[in-house]
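Take a look at the structure set out below.
Here is how names work: the chains are called A, B, and so on, in the same order as the sequence lines, proteins then strands, and each is numbered from 1.
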Amino acid sequence: MSELALDVDGLGKNFGGLPAVRDVVLKVELGERHLLLGPNGAGKTTLFNLIAGDIRPSTGSIRLFGRDVTRMRTDQRTHMGVARTYQIITLFAESTLTHNVVMSLTGLSRCRFDPFTSLDRRTGFRERAREVLATVGLEHLADRKVSETSYGERRRLEIAMAMAQEPSLLLLDEPLAGLSADERGEVQRLLESIPRSVTIVMIEHDMDVALAFADRITVMQRGAVVVEGNRAEVVADPKTKEVYLGH
Amino acid sequence: MNFWVIQGLNGLAFGSLLFILAAGFSLIFGLMRVANLAHGAFFMLGAYVGLSAIDNGMNFWVAILIGGLTVCVLGGVMEGLILRRLAGQPLAQVLVTLGIAFIIADGCLWLWSGDPRPLPMPSELQGVLRFGGLIFPKYRLFVVVVAVCLAGALWLLLERSRVGAMIRAGVDDMEMARVMGIRTSLLFPLVFCLGSALAGAGGVLAGPILSVYPSMDTDMLPMALVVVILGGVGSLGGAFVGALVIGFIYSYGQALVPDLAYVILFLPMVLVLTIRPTGLFGRRLV
Amino acid sequence: MTARSGVWLVVMVVALVLVPVLIGSPFYVNLASQVLIYAILAMSLNLLVGFGGLTSLGHAAYLGFAAYVTIYLTTLAGFGQFSGALIALVATTGLAMLFGFLALRASGLGFLMITLALGQILWGLAFRWVSLTGGDNGLGGMQRPHPFGIDLGDPNAFYYFALCFFLVAFAGIALFVRSPFGHSLRGSRDQPRRMRALGYNVWFVQWCGFVYAGFWGAIAGILYAYYNQFVSPHALNLMTSAETLLMVIAGGAGTLFGPIVGAVLVVVLKNVVSAYIARWVMLLGAVFVMIVLFMPEGLVPGTTRWTKLALGRRRRAAGGGPGEATGTAAVQERSS
């Protein structure tokens, strides 16, 4: 099973006795586009936090590219090729867009421990950051502060920071939420342009975009997986309708 | 044998004083997220006020009342005038309490001069009890009884009363408590005054054992911090166990290794931080 | 480095070199030496408070520990001046490694409480372990060293000696703040969770910052030992930690020049006030309360903001744009 990018087995997480995620099994192949669906509170973001390493699971295991990472720190998993975007935007608000991407680049570089040379002198990072910003259409705002940009621009910056790390596994938490129709189109094209060498797991509520994008879909409810399969299977499954139309 | 029992009682008495001090600190910290660094100064101020009350001919019990009330009012003023203006800024609040701690400490030095003064104990508690060939000073036994009664009363207040239910809800999750309609504008001053009053009255109670001296505040404050770190934030049981542990260690330490007694006090804290940073009774330290 | 801070830097260095010439009186030159020593200490604490977002109330630990070790080794244990100072530096940095490990088990107020308690341990050791530390009487009898045959007993010579260390410390910290590692520390302050997701080990970044701050605190401590030729538990007590924190916050946490301004302010105020009234501690407390209530961002960012506002108004009147607002306030809350 070494061709799996992500192998989640029997994963569970309790918060104060209440299960947020229960016995989740999730297998994502290399290069796959995998969609996580489910109503609010279904445990999707908690599952992301578990995969990224922000929180420790109560039960179960997580394997990345064949390696057990269940007890690994977040930053170690990042160095293995995981990158993510957040549902609630967490950026360096008083820094420029370029600096945000540079922080993302230095995070994977050994120079992050260098206490003597000026970061501004490392022009290589700045140039690379501008290239990445160009791929998400933000090059014209490169020197603007994050606090002076729009919501849609910040969303794209989030994706740029993740892409700058050239991840092997990209976790996208509602990349389209709160965007205008135009911006959605742009981000959608951006996501489609990501090469197949990158595996993507995405949480998204915009069904049209998400269904068109995904190879396989997992539907969650109350912390557990309800339906899992390819697009046609999931859409045809009566349990999917039950989750979405109530019961 | 005798040595261990006597020092044990001393430790118990000192631990009781620490509990009275730390319970207020822990309650305030747990509920309001204010680390009141003036708490040690409150303790000392209470002791000095009590001392003056006795100097002016009042008896010990009135002195405890006056010491507690004075500090209670001071705490209420401090909460209402300053801390509330800085709501939601824990760092600013802690720095203000530190500033006030210095003002109080220097004010005490000014008003009461620098000489340590023994606080006379009430005549009915002088002397000793003899029990099976062992001698127990009455006053220390009394302090232990007070602390146990106080622990019981606080437990009843927290677990059995409406106000207590609100406090517990606030300690667990302030946001949730607000949503449920708990008014912090009433609860915060109440808890702050209660904690302050405990510190003030505790200071008077400590007077006959520790006597009253200028650096009492900086001696006691770190111990209260250690008790809280040890026991877990906002946990009454944690403060109780933590205070007893520290009391015993201090008492035996002072008798066995006087040079290092003050240092080994902190060893349990170091140990707990290394092994279990949430404290013995499980709440995470911010 | 912007052009404006470059100008400031040149002005500062020239002024500092000229201090003994301009003042002349040994009393004030000595006062200036004290300012330099405390400025190093305040700059090192600023690494934690301003750039790391970690408010420590135990920074006197490094000053006092280094001073005690230096004096103990050179007077009682028979070490040479250089080797004594070197061992003190290494030992104090080691102490910072240990204390950092313990204090970083918590964050925010927990961190503050633990650093306070740890600082108090050292104070207790110095105060009670009389056979080793001399207790309340402290340790004395130390001679200032004679590097390259220069007698540091002379106030001017000592001033320039301290100035060398001050400038190296300033340069070291200025470089650190602009370096990738300095940015990691600031990022860990502002967005710890994001930093982890970007591949930074936030705990390790903060620990390294803690140790670096302890290192510069040790330098200040060794200079303190040379200056006073004496050390007592006073160097380790909560007052000293609080004074240092006040320097950082009053001057402006998270700025390069703030702690220096704060050190000037506190040292001068302390010496001037002590000459007239005995209530320095009360004044210190009052200044603390006032700063927090009325100028939480500190003097340097506060006045910078005011002048920029004034300049901006003038510039806008002349058709220019407003100046950009900078400065990080220590006391303002950080998003978590």
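- In terms of heavy-atom pairs under 4.5 angstrom with chain B, the leader among C/V281, C/L283, C/V289 is C/V281.
- Residues B/T218 and C/Q120 share a closest heavy-atom pair of O-NE2, 3.5 Å.
- Atom CE in B/M269 sits 12.5 Å away from atom CZ in C/R105 (nearest 0.5 Å).
- Summarising the local packing, CZ of B/R117 is surrounded by 12 or fewer heavy atoms from other residues, nucleotides or ligands at distances under 6.0 Å.
- Contact of B/Y262 with chain C is made through the side chain alone, with heavy-atom distances under 4.5 Å.
- At a 4.5 Å heavy-atom cutoff, the contact between B/V96 and chain C is made by backbone and side-chain atoms alike.
- In this structure, chain B has a heavy atom under 4.5 Å from the side chain of C/W123, while its backbone stays farther away.
- Residue contact with chain C, scored on non-hydrogen atoms closer than 4.5 Å, involves the backbone and the side chain of B/I100 alike.
- How far CD1 of C/I121 is from CG of B/L267: 7.0 Å, rounded to the nearest 0.5 Å.
- B/Y213 OH: more than 12 foreign heavy atoms inside a 6.0 Å radius.
- Contacts of B/L37 with chain C are made by side-chain atoms alone, with heavy-atom separations under 4.5 Å and no backbone atom involved.
- Heavy-atom minimum distance, B/G99 versus C/F288: CA-CB, 3.8 Å.
- Side-chain atoms of C/L293 and B/L86, non-hydrogen and from C-beta on, do get closer than 4.5 Å to each other.
- No part of C/M290 comes within reach of chain B, as not one of its non-hydrogen atoms sits under 4.5 angstrom from that chain.
- For B/M223, no part sits under 4.5 Å from any heavy atom of chain C, backbone or side chain.
- Rounding to the nearest 0.5 Å gives a distance of 9.5 Å between CG of C/L246 and CZ of B/F102.
- Options B/L260, B/T97, B/V226, B/I82 differ in how many heavy-atom pairs under 4.5 Å they form with chain C, and the most are formed by B/L260.
- For the pairing with B/V94, the side chain to side chain contact (heavy atoms under 4.5 Å, CB included) check across C/L57, C/L112, C/T55, C/V292 returns one residue only, C/L112.
- A pairwise comparison of heavy atoms in C/W280 and B/D106 identifies N-OD2, 4.3 Å as the closest pair.
- The contact between B/I103 and chain C is made by backbone and side chain atoms together, counting heavy-atom distances below 4.5 Å.
- Atom CE in C/M113 sits 5.0 Å away from atom CZ in B/F29 (nearest 0.5 Å).
- Of the atoms belonging to C/F101, it is side-chain heavy atoms, and not backbone ones, that fall under 4.5 Å from chain B.
- In this structure, C/L116 CG and B/L98 CG are separated by 8.0 Å, a value rounded to the nearest 0.5 Å.
- For C/W203, the CH2 atom is densely surrounded, since the number of other residues' heavy atoms within 6.0 Å is greater than 12.
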